Number of protein chains: 2
Amino acid sequence: MKNVVSLKSLAKELNISVSTVSKSLNDSEEISEQTKERVKNLAKLRGYSPNPIAVRLQKQETMQIGVVLPNIENPFFASVLKGIDEFISASKYNIITFFSNESLEREKECLDYFSKGNVDGILICIAEETNKKKTFDHIIQIRQKGIPLVLFDRIPMQPLGFDTVHVNDYDSIISAYDYLEEKKCKNIAFVSSIPTLIVGRLREDGYLSKTTKPTVIAFEKLNELQLKVQEALAEGNIDGLIAADIEATLICSSAIQKRGLTFAKQISLIGYVNAAQNDLSYPKISYIDQHPKEIGKQTAKMLLLRLESKLENIAASDIILNTTITIGETSN
Amino acid sequence: MKNVVSLKSLAKELNISVSTVSKSLNDSEEISEQTKERVKNLAKLRGYSPNPIAVRLQKQETMQIGVVLPNIENPFFASVLKGIDEFISASKYNIITFFSNESLEREKECLDYFSKGNVDGILICIAEETNKKKTFDHIIQIRQKGIPLVLFDRIPMQPLGFDTVHVNDYDSIISAYDYLEEKKCKNIAFVSSIPTLIVGRLREDGYLSKTTKPTVIAFEKLNELQLKVQEALAEGNIDGLIAADIEATLICSSAIQKRGLTFAKQISLIGYVNAAQNDLSYPKISYIDQHPKEIGKQTAKMLLLRLESKLENIAASDIILNTTITIGETSN
DNA sequence: CTGAAAGCGCTTACAG
DNA sequence: CTGAAAGCGCTTACAG
């Protein structure tokens, strides 16, 4: 439609066969330099570009990689996607991104579409609902279809036999706890809006491993969480807070400010933030940096290795990336 | 590869022709109910699904829509993308998203790839660099190739003949100004980190239309902007701030807080924010809501209308959406 | 109602 | 070195 110039039209104009045109354009050894020149010149003149669909049909490759993200409005996933994109766009592949919107049903639809021959490989972070219901059949089916798949961030406890990429959530919180202890915090509470999410549980476990008198404030409903945090602060003995996710972090920070407490002096906070916005905000919150772009990059890299069959018979690998703590003004 | 079951394999197993199988599966009137039944049953049994690449080649449609976003880490674009996705994923099309990273060069690459027969239509918000250099040849070329394209958010001043979707930036700022005036602000300054961006200019023009003694603080470098805002506040006569973008807004809010000024009483602020995060933050900033998901939805809708040729000979249309002001704690 | 044939736009053994 | 043929997996006039 758009592209009226085809191998056939070039061949006709040059009075040679389609095969010769094709081979010339693909720089085949079989063709004389002279012919190649003629063909390439005309191709350029006519603005020829091969029909990608036809090439894919012939090569039996879609040249596309499917990505399933729980929610693009979460800045963490936006950054992961950027990391994926930077890596993939330098390859011959393209990304087709779907959003599960944290729904198991939608996630199934996405994988179903992908598995019907629409992509060569898949990158996925499972939805919250999938995580909760521990339903992984739809993911396992992907392997049975022979499509490489890499899981990232939210990794099911029971190994599914796929490559995985994630951070050391458990240890990250331990580091945060250690840091707050060094800063003389005696009463460190843990605040989370993701108590059932895998990463949330790991973070909570990390916290629990550090104290014998834990204070865990965990609610999925944000207004409820808000209330409980305020109540906890009102009791007056908490002098350190570790927040398990962006929402919990903002809630903690707001509650502290509303109560008129002085950061670092009276109470310290470490959490998870959107780095770009945090840098411009007041106060700058001390945070655990998961390096989301790096997560994306490593995830994409792992998949490309599989696709290029460089990992032919190698078992699934589990890449664990390190987080770092960036100190802001909510601790010191 | 993945899908070993094809029309051919079904045909062989049923001892009928490939055409009959194809027609049966497509519910053709030509085929007897009985045969359709047999074919469909076996197809289901074998888990047949048509090879999408082959279908596309035959139908001369890619079933894909290309989206070019300047930067996915900007929450505004993330939300626009969500709006696009919600609308498109309900259609037969899929989205393939590229990020220009605000680079003209990269944007050209994206459009070039799309125009080589990889998508049926394009949605694009031009890069900052494209905006600055006013280089639109690569976009105009798309029309010459007959590929429908819709521009959103950053719309070039000179009409390019494409459908466009954006908000009324000029009027939005006027509303914000009026609101602050009502709140008795006497000295309203305008702060921007996007002075050269189309939307930034429109917003600034809106501001300039309201006052004969304007105070415009506009710098692209954020640390420079930060400094200048602090200096302006130090002079002590500004009692109202309109910020033109997320970064400027956060910078204003921080500067005000650091200076120990009381929001609403001493100084009011209206800007642009990431709504989800703002809701949890302290203070909640009063902001101009652009309804980014709606922008995405309308953009996608416009393209689908074009693709379905329901707008065959209708000239390019310009959809202007309204913003609303959400009052937070930085004004009252 | 069913099937053979042509074609979508390519690539690639294979012959010459 | 060039080209005819087959094929990637479909669809759809056209014959029968």
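Per chain, numbering begins at 1; letters A, B, ... match sequence-line order. Given the structure is predicted, the values throughout are model-derived calculations rather than measurements.
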Practice task
Using a heavy-atom cut-off of under 4.0 Å over every strand shown, decide if Ser28(A) touches base, sugar-phosphate, or nothing.
Solution key: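 Answer is nothing: Ser28(A) stays at 4.0 Å or more from every strand.
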Examine [N]: is either OP1 or OP2 under 4.0 Å from a nitrogen or oxygen in the side chain of [X]? Give yes or no.
X: Thr20(A); N: dG3(D); result: yes
X: Gln60(A); N: dG7(D); result: no
X: Ser22(A); N: dT11(C); result: yes
X: Tyr48(B); N: dC10(D); result: yes
X: Asn51(A); N: dC8(C); result: no
X: Thr35(A); N: dT2(D); result: yes

For [Y], is there any backbone N or O sitting under 3.5 Å from a side-chain donor or acceptor partner on [X]?
X: Lys36(B); Y: Ser28(B); result: yes
X: Arg46(B); Y: Val5(B); result: no
X: Asp153(B); Y: Cys125(B); result: no

Just compare [options] and give me whichever is closest to any side-chain atom of [X].
X: Val55(A); options: dT2(D), dC10(D), dC10(C); answer: dC10(C)
X: Ser32(B); options: dG3(D), dC8(D), dT2(C); answer: dT2(C)
X: Ile16(A); options: dT12(C), dT12(D), dG3(D); answer: dG3(D)
X: Lys23(B); options: dC10(C), dT2(D), dT2(C); answer: dT2(C)

For [X] and [N], give me the distance from atom [atom1] to atom [atom2], rounded to whole Å.
X: Glu29(A); N: dT2(D); atom1: CD; atom2: P; result: 14 Å
X: Glu33(A); N: dT2(D); atom1: CD; atom2: P; result: 11 Å
X: Arg56(B); N: dC8(D); atom1: CZ; atom2: C1'; result: 15 Å
X: Leu25(A); N: dC10(C); atom1: CG; atom2: P; result: 9 Å
X: Glu61(B); N: dG9(C); atom1: CD; atom2: P; result: 14 Å
X: Leu57(A); N: dG7(D); atom1: CG; atom2: C1'; result: 9 Å

Practice task
With DNA chain C as reference, determine whether Lys59(B) or Ser17(B) sits nearer its 5' end, using the nearest nucleotide of each.
Solution key: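 Mapping each residue to its closest nucleotide by heavy atoms, the 5'-most match is Ser17(B).
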Completion exercise
Per nearest nucleotide of DNA chain C, the residue lying toward the 5' end, Gln58(B) or Glu30(B), is Glu30(B)
Exercise for the section: Could you identify which residues of residues 7-15 of chain B place a heavy atom less than 4.0 Å from some atom of DNA chain C, listed by residue number, or say none? Expected result: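 Nothing qualifies; none.
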Completion exercise
The side-chain hydrogen bond (donor to acceptor under 3.5 Å, both in side chains) partners of Thr130(A) (sequence neighbours excluded) come to Glu107(A)
Exercise for the section: Hey, can you tell me if Tyr113(B) and Phe98(B) have their rings parallel, tilted or perpendicular (30° and 60° cut-offs)? Expected result: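 Ring orientation of Tyr113(B) relative to Phe98(B): tilted.
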Using 4.0 Å as the upper bound for N to carboxylate O, is an ion pair formed by [Y] and [X]?
X: Lys293(B); Y: Glu86(B); answer: yes
X: Glu61(B); Y: Lys92(B); answer: yes
X: Glu109(A); Y: Arg106(A); answer: yes

Handout entry: Nucleotide-level pairing of DNA chain C, given in dot-bracket where Watson-Crick and G-U pairs need both distances under 3.5 Å and | marks other strands
Key = |||.||||||||.|||
Practice task
Assess whether atom NZ of Lys301(A) is packed by more than 12 heavy atoms of other residues, nucleotides or ligands within 6.0 Å.
Solution key: no
Exercise for the section: Could you work out the separation of dT2(C) and dG9(D) based on their P atoms and round it to a whole Å? Expected result: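 These two P atoms come out 25 Å apart once rounded.
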Handout entry: Passing candidate, side-chain contact (heavy atoms from CB on, under 4.5 Å) with Thr20(A), options Thr35(A), Leu14(A), Leu10(A)
Key = Thr35(A)
